**Student:** 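Here's a structure for you.
Predicted, not measured: the structure shown is a model, and the values here were computed from it.
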Amino acid sequence: MKELGELKHFLGLEVDRTKEELFLCQQKYARDLLKKFGMLDCKPISTPLDGNAKLCAEEGRELEDSSMYRQLVGSLIYLTITRPDIAFAVGVVSRFMEKPRKPHLDAAKRILRYVKKTFDFGLLYKKESSGELVGRCDAGYAGDQHTRRSTTGYSFHLGSAVVSWCSKRQPTVSLSTTEAEYKAVEMAALESMWLVPLLDDLHQSIDYSTILYCDNLSAISLAENPVFHARTKHMEVHYHFLKEKVLEGEIKMEYTKTGDQVADIFTKGLGAAKFEEFRTQLGMVSKSILRESSW
């Protein structure tokens, strides 16, 4: 073992720090990615996914060489290590890895156009004396055009920026928005149960209920009510794990308005203004802004 000093670069991850702040990005990796796929001189764009895009598995011309598409999507997945803003868009294009078609490739290239505009963006963590773990979760109901499955999205903030996030298609079809949202909350609760002991190992003990913000009052009521209703009997038993955590005080459900739900960025395509607002709330900034300040 060798002591190599403070971490600066590791497998494409770049780390910059001051006494009060830590900045994580993949600036060089993003630039190399654009160069590799011939998009270094492309026209930049403000969002990674068209909000009106409806990608289907069987529409469009099949690609003659699908290996390039798989390489591109795989590279974009690696970029999400420090880029939660592209997590949903990358998740959408990754659904078509088996038989990609021209519209899917166009959508993947649109992500690169967005990366071109924001290649120096990353996560900024600020030193704070009292940063609490806070979760936000949401679901995009029946968003998959082929399977009609919903998409779960959640994020966990610890202080100034996110430390954990997810955008994932749900394994089964939900029969209502309440069921889709409840599944999303349950997944977020599972992540919380993993993060709490991890932080304890890092000597950051959590002696309070982890707040989960949700924009669906029915899902919150279902989580807080220990009585099973006839209309929820079809839901799998393990989704009721959430009820135990709420009753035990480990999770506290809170309502937030849909317009303030940051987790929306992980479940659907958004307009430029709302997308940029939520991106900022995730703790993402441009490295060029840091250079103009104390960095």
**Student:** Mark yes or no for whether Y208, through its side chain, and L133, through its backbone, hold a donor-acceptor pair below 3.5 Å.
**Tutor:** yes
**Student:** Inspect the surroundings of CD in E248 and state if more than 12 heavy atoms from other residues, nucleotides or ligands are less than 6.0 Å away.
**Tutor:** yes
**Student:** Salt bridge between D215 and K257, side-chain N to carboxylate O under 4.0 Å?
**Tutor:** no
**Student:** In a check of side chain to side chain contact (heavy atoms under 4.5 Å, CB included) between D120 and each of E14, Q26, R31, Q27, which one passes?
**Tutor:** Q27
**Student:** Run the side-chain contact (heavy atoms from CB on, under 4.5 Å) test against L49 and tell me which residues pass, sequence neighbours left out.
**Tutor:** F88, A89, V92
**Student:** Between R17 and L22 (side chain of the first, backbone of the second, donor and acceptor by atom type, cut-off under 3.5 Å), is there such a pair?
**Tutor:** no
**Student:** Parallel, tilted or perpendicular: which one describes the rings of F275 and Y114, with boundaries at 30° and 60°?
**Tutor:** perpendicular
**Student:** Should we say atom NZ of K8 is surrounded by more than 12 heavy atoms from elsewhere, each under 6.0 Å from it?
**Tutor:** yes
**Student:** Between T82 and L13, what is the shortest heavy-atom contact and its length?
**Tutor:** CG2-CD1, 3.3 Å
**Student:** Can you list every ring-ring contact (aromatic ring centres under 6.0 Å, His included) pair that touches residues 39-81, not counting sequence neighbours?
**Tutor:** Y29-Y78
**Student:** Would you mind checking if K274 and E277 are paired as a salt bridge, meaning a charged N to carboxylate O distance below 4.0 Å?
**Tutor:** yes
**Student:** Decide side-chain hydrogen bond (donor to acceptor under 3.5 Å, both in side chains) for T147 and R95; before the verdict, give the C-alpha distance in whole Å, the side-chain angles of both, and the deciding distance to 0.1 Å.
**Tutor:** CA-CA 11 Å; T147 64; R95 297 170 186 172; over 6 Å; no
**Student:** Whether the side chain of R113 engages the backbone of K43 through a donor-acceptor N/O pair (distance < 3.5 Å, no angle test) should be reported.
**Tutor:** yes
**Student:** The test is side-chain hydrogen bond (donor to acceptor under 3.5 Å, both in side chains); show your working for R83 and T118 and say whether it passes.
**Tutor:** CA-CA 10 Å; R83 298 294 302 267; T118 60; 2.6 Å; yes
**Student:** Check Q170, R169, K168 against T152 for a side chain to side chain donor-acceptor pair (under 3.5 Å) and give me the one that passes.
**Tutor:** Q170
